[in-house]
Q: 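Sharing a structure, written as structure tokens. Questions coming.
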Amino acid sequence: MTDSVPESTRQTLDRLYEDPENRLTSLFELTPDDERVDSQQTVFKALANEHRIRILEALRDGELCACELQVVLDAPQSTVASHLRELKDAGLVKTRRQGKWTYYRIGDTAVFQLLDVAHALAESR
């Protein structure tokens, strides 16, 4: 892997460190696991949509069926279903069937922490 490092980077490391090869090795150790990055990317992609954020915010008060979420979003069933599928695939919402109805709830309350942090960061600008 160290042979993939550009020569200009190697020269910079040579100037900065007594043992540039050791530093290079330690930098490669900082490389995050692909599976971890993929799972994080899935969650953030799911959060990167106004409708999905509105769904999550609506679910703060408890579970709702898809037809209720249609009212919240003022959107057709197909749109709501698409967004719910994305949220479910990301593990942000869970479902419960009752007869012919499917109810949606938050998969883990940590999602509210993410939303609150995003809001706080936006407010601090």
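Only this structure's heavy atoms are used, side chains among them; waters, hydrogens and symmetry mates stay out.
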Q: Would you mind listing the cluster partners of Tyr103? Hydrophobic ones only (ILVMFWY), side-chain contacts under 4.5 Å, chaining allowed.
A: Trp101
Q: Any non-hydrogen side-chain atom of Arg23 less than 4.5 Å from a side-chain atom of Leu27?
A: yes
Q: As an exercise, state the distance from CZ of Arg36 to CG of Asp38, rounded to the nearest 0.5 Å.
A: 12.0 Å
Q: Would you sort out whether Thr25 and Phe28 count as a side chain to side chain contact (heavy atoms under 4.5 Å, CB included), showing the intermediate values?
A: CA-CA 5 Å; Thr25 300; Phe28 279 116; 5.8 Å; no
Q: Any side-chain heavy atom of Thr102 within less than 4.5 Å of one from Arg96?
A: no
Q: In Å, rounded to the nearest 0.5 Å, how long is the span from CD1 of Ile53 to CD of Glu50?
A: 8.0 Å
Q: Are the side chain of Arg52 and the backbone of Ala46 linked by a donor-acceptor contact shorter than 3.5 Å?
A: yes
Q: For side chain to side chain contact (heavy atoms under 4.5 Å, CB included), just list the numbers for Glu57 and Arg60, CA-CA rounded to whole Å, side-chain angles, deciding distance to a tenth of an Å, and then say yes or no.
A: CA-CA 5 Å; Glu57 289 291 350; Arg60 276 188 192 262; 2.5 Å; yes
Q: Nearest 0.5 angstrom please: His51 NE2 to Leu84 CG, how far?
A: 12.0 Å
Q: Looking at side-chain heavy atoms only, is the closest gap between Arg10 and Leu24 below 4.5 Å?
A: yes
Q: Answer whether the closest heavy-atom distance between the side chains of Leu56 and Leu87 falls below 4.5 Å.
A: yes
Q: Main chain of His83, side chain of Glu86: is a donor-acceptor contact present, judged purely on distance under 3.5 Å?
A: no
Q: To the nearest 0.5 Å, what is the distance between CD on Gln40 and CD on Glu35?
A: 11.0 Å
Q: Minimum heavy-atom separation for Ala75 and Val80, please, with both atom names.
A: O-CG2, 4.0 Å
